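Working notes for the structure below.
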Amino acid sequence: LYVGAGTAMTKFDRSGNQIWRYSWSGGLLHNVKSVAVDPDGYSYISSRSVRKINQNGKLVWVFTGHSGSDYLESLAVDPGLYTTFPDMWI
């Protein structure tokens, strides 16, 4: 189970025990908007950027794309492991 709230994402096991927590700074504009997980267990978090997190809760990369007040509303990961941005930047 993955839970995104504010500027953090936490992964829990089936018993509700925390496995890891990843957080970042940025305030309200950087809050989690969407979370997706690929078949290999990498997590993707959308906000004003897209962050890829590995299976151990460590940052792999950040895509910042736009500036100003733009943010990504949602994202999805397809079976081919391509990250897509269905709502684009609004």
Side-chain angles (χ1 to χ4, degrees):
L1 171 66
Y2 296 84
V3 176
T7 57
M9 186 171 81
T10 307
K11 181 179 179 179
F12 296 94
D13 66 16
R14 292 178 186 200
S15 298
N17 301 307
Q18 181 176 314
I19 297 172
W20 54 255
R21 178 179 171 87
Y22 173 79
S23 62
W24 59 97
S25 61
L28 292 176
L29 290 178
H30 294 273
N31 285 350
V32 174
K33 299 293 183 191
S34 182
V35 173
V37 181
D38 72 22
D40 291 327
Y42 288 94
S43 308
Y44 301 84
I45 307 165
S46 71
S47 62
R48 287 188 71 183
S49 59
V50 176
R51 298 168 189 275
K52 181 178 181 179
I53 311 300
N54 72 15
Q55 301 89 333
N56 299 312
K58 303 297 182 196
L59 179 67
V60 176
W61 53 253
V62 177
F63 173 76
T64 54
H66 294 271
S67 61
S69 61
D70 294 342
Y71 62 91
L72 190 62
E73 190 65 33
S74 67
L75 61 88
V77 180
D78 75 12
L81 303 182
Y82 295 100
T83 304
T84 60
F85 310 111
D87 289 344
M88 295 309 294
W89 300 91
I90 59 173

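Treat the numbers as computed from the prediction; the structure is a model and nothing was measured. Reckoned from all heavy atoms, side chains included, excluding hydrogens, waters and symmetry mates. Residue numbers count from 1 along this sequence.
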Side chain to side chain contact (heavy atoms under 4.5 Å, CB included) with Val62: which residues, sequence neighbours excluded? Ser49, Arg51, Leu59, Thr64
Exercise: identify the closest heavy-atom pair between Tyr44 and Asp38: OH-OD2, 3.0 Å
Using every non-hydrogen atom in the two residues, find where Val60 and Ile53 come nearest and quote the distance to one decimal. CG2-C, 4.2 Å
Would you confirm whether Trp20, through its side chain, and Gln55, through its main-chain N or O, come within 3.5 Å as a donor-acceptor pair? yes
Any donor-acceptor pair under 3.5 Å from Ser34 side chain to Ser46 backbone: no
Are side-chain heavy atoms of Ser43 and Lys11 found at a separation under 4.5 Å? no
Counterpart residues, side-chain hydrogen bond (donor to acceptor under 3.5 Å, both in side chains), relative to Asn56 (two or more places apart): none
Nearest 0.5 angstrom please: Trp61 CH2 to Lys52 NZ, how far? 6.5 Å
For residues Tyr42 and Val77, determine if any side-chain heavy atom of one lies less than 4.5 Å from a side-chain heavy atom of the other. no
